Structures are given as structure tokens and as C-alpha cells.
Amino acid sequence: MAESENLAPLIAIVGADGSGKSRLSADLIEHISRRRRAEAGYLGEGSSVTGRKIARWPVIGPMLMRTLEGVAGRLRDPAAPIPGLIAATYALHRSRKRYRRFLDLVEKRKEGVVIVTDRYPQVECPGLHDGPILAGVATNQALARIKAEESALYAEMAAYVPTLVIRLRIDIDTAMARKPDHDRSLVSMKIASLPAITFNNAPMLDLDATMDYGEELARAEAAVNAVLADAN
């Protein structure tokens, strides 16, 4: 485990698309900021936002988006070969960017800033939930080296166990009603795989993301209050 005794708390909010991570993150930062310095930290890959922008490009956008989705699907499939050196190198580039953002958050925690993250890196489920992008099979030494380098980045990040993980659970119909432009099969995969991820056995609060939001926020705030009290 990474050394975390001298770090301010980090609250990680995780869940499938449509579970309300961003809203809860913002409200918890506002809540914490009444007593302590707190900042947001986004630790997602950002590829879904970029992809939807590309899909809106005139003429070539939809076709290019379908190509990118096909590559992304092969990257996240543990049984599929990694689709080439260019795709692997780009995946490593994106993971390095995430790693640099992660280290920036560690430095802020050293300064006493409480961090609330939307998502959190993990190694238990490659290809999904902000785990290693290169989940597939490396078919040559060059791909194996790239995959190993990326895996090491995620292992280092995952070694910093969150002070609290708030795991938002949602059903597929509600998720798709909230995010109709998302891929249903991919969202279903995320919903099904999330319960098995422990984030290195971090303290966990499970919340039903379909409950009344006022109640959801109150439960999250109570758990955060306990974390902050223990940190004082």
C-alpha cells in the first residue's frame, strides 16, 4: 500500500454512467468546504466525452465514431488481441495523462486539501471502471512492454487506497433514461461488474442512485462527516 498517513482524506465516487457521480461530487465538495479546504478531482479517461464530440462532426463524424468504438471494444475485451501498436501507444498516452492528474491530487492532499474524485483508478477490472485501458492480449513483445508499463501506472495509483469510496448503484433502464446517448451494452457491463470491485479493500458506502436525492446526499454527507472527524 502507498504511504497515506500524512495525506488529507480522499473520497472517491464511483458508479456506472447515469448514476449521478458528478452531481454528488459537486454537492459533497460544497458540504466539505464549509469546514475544510476541498477540491474536485476528475480521474476518468475522458474518452466518452471526446467520442460524442467526434460523432457530431459533419459527414465523417458518425463513421469515425463507429471505428473508434470498435477499437475501444477490442481494447477492453480481455480475450481479444490488442489491436495494434498505434492503439496501444495511444492508450498508454491517455493513461499517462491520468497518472499525472493523479499525482497532482496526491500533492494537494499533502497540502491538506480534501479531494472528492469523480471515478478512481483500480486494477481489479481492466477495461472498465477506470482500470487499465489495455485489457486485451499482447501478441508481441512491443505490445507486452506497453501493457506492462500501463499496468504499473495503475498499480501505483491503486496502492493509494481511498479514505472512502461511495459506490452508486443503478439499474440499466434508469441509467439509459438519464444517458440515452450511451451504449446500452457497455453500460450494462459496467453495472454488472461494479459490485465486485473493492478498490483495494477501501471503506465503502453503497448507495442506491435511484432513491430520493435528498436522502442519498444526506447519507453521503453523514459518511463524509465521519471520515473528516477521524482525520482530525
Side-chain angles (χ1 to χ4, degrees), residues 8-49 51-52 76 105 109 113-125 127-131 157-158 160-232:
L10 182 144
I11 291 84
I13 301 177
V14 302
D17 308 291
S19 58
K21 297 184 295 295
S22 298
R23 181 184 185 185
L24 185 59
S25 297
D27 286 341
L28 287 179
I29 290 168
E30 181 181 355
H31 174 72
I32 296 167
S33 295
R34 296 168 190 160
R35 292 181 290 169
R36 292 188 56 169
R37 290 174 61 198
E39 293 186 17
Y42 177 71
L43 291 173
E45 184 192 342
S47 59
S48 59
V49 175
R52 287 193 292 276
R76 72 172 64 94
L105 296 183
R109 294 177 69 191
V113 180
V114 178
I115 301 296
V116 180
T117 69
D118 181 338
R119 306 168 180 261
Y120 200 79
Q122 49 82 28
V123 294
E124 299 165 82
C125 184
L128 294 172
H129 297 294
D130 306 290
M157 290 187 284
Y160 286 86
V161 180
T163 314
L164 174 68
V165 174
I166 298 177
R167 186 165 54 187
L168 301 179
R169 302 207 183 194
I170 194 168
D171 62 273
I172 184 60
D173 290 333
T174 303
M176 294 309 301
R178 294 178 179 178
K179 300 285 186 178
D181 59 337
H182 284 48
D183 181 87
R184 186 182 183 94
S185 62
L186 178 56
V187 176
S188 294
M189 289 171 59
K190 292 179 178 180
I191 291 172
S193 57
L194 182 62
I197 303 174
T198 70
F199 295 91
N200 231 332
N201 296 311
M204 188 87 63
L205 171 66
D206 275 304
L207 290 176
D208 180 352
T210 66
M211 72 171 68
D212 175 77
Y213 182 70
E215 181 180 354
E216 177 185 325
L217 179 59
R219 293 187 185 184
E221 287 178 344
V224 169
N225 289 344
V227 164
L228 297 181
D230 289 341
N232 289 334

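Because the structure is a prediction, the values reported are computed rather than measured.
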State the [atom1]-[atom2] distance between [X] and [Y], to the nearest 0.5 angstrom.
X	Y	atom1	atom2	value
Arg169	Ile191	CZ	CD1	11.5 Å
Ile197	Leu128	CD1	CG	7.5 Å
Ile13	Ile166	CD1	CD1	5.0 Å
Leu43	Leu10	CG	CG	7.5 Å
Glu124	Ser193	CD	OG	11.0 Å
Ile115	Tyr120	CD1	OH	10.5 Å

Mind checking whether [X] and [Y] have side chains closer than 4.5 Å, heavy atoms only?
X	Y	result
Val224	Glu221	no
Glu39	Ile32	no
Asn201	Val161	no
Asn225	Arg35	yes

Determine yes or no for a side-chain-to-main-chain donor-acceptor pair under 3.5 angstrom, with [X] supplying the side chain and [Y] the backbone.
X	Y	value
Glu216	Leu207	no
Gln122	Asn200	no
Arg178	Gly18	yes
His129	Lys190	yes

Ignoring hydrogens, what is the shortest heavy-atom contact between [X] and [Y]? Give both atom names and the distance.
X	Y	value
Ile170	Ser19	CD1-CA, 3.8 Å
Lys21	Ala16	NZ-O, 3.3 Å
Thr117	Ala12	OG1-CA, 3.2 Å
Arg119	Gly44	CD-CA, 3.3 Å
Ala175	Val187	CB-CG1, 4.0 Å
Val165	Ala202	CG2-CB, 3.8 Å

Handout entry: Check ion pair Asp17-Lys179 (N to O, under 4.0 angstrom)
Key =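 No, Asp17 and Lys179 are not salt-bridged.
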Completion exercise
Applying side-chain hydrogen bond (donor to acceptor under 3.5 Å, both in side chains) to Arg23 and not counting sequence neighbours gives none
Exercise for the section: Identify, with sequence neighbours excluded, every residue that meets salt bridge (Lys or Arg N to Asp or Glu O under 4.0 Å) alongside Glu215. Expected result: Arg219
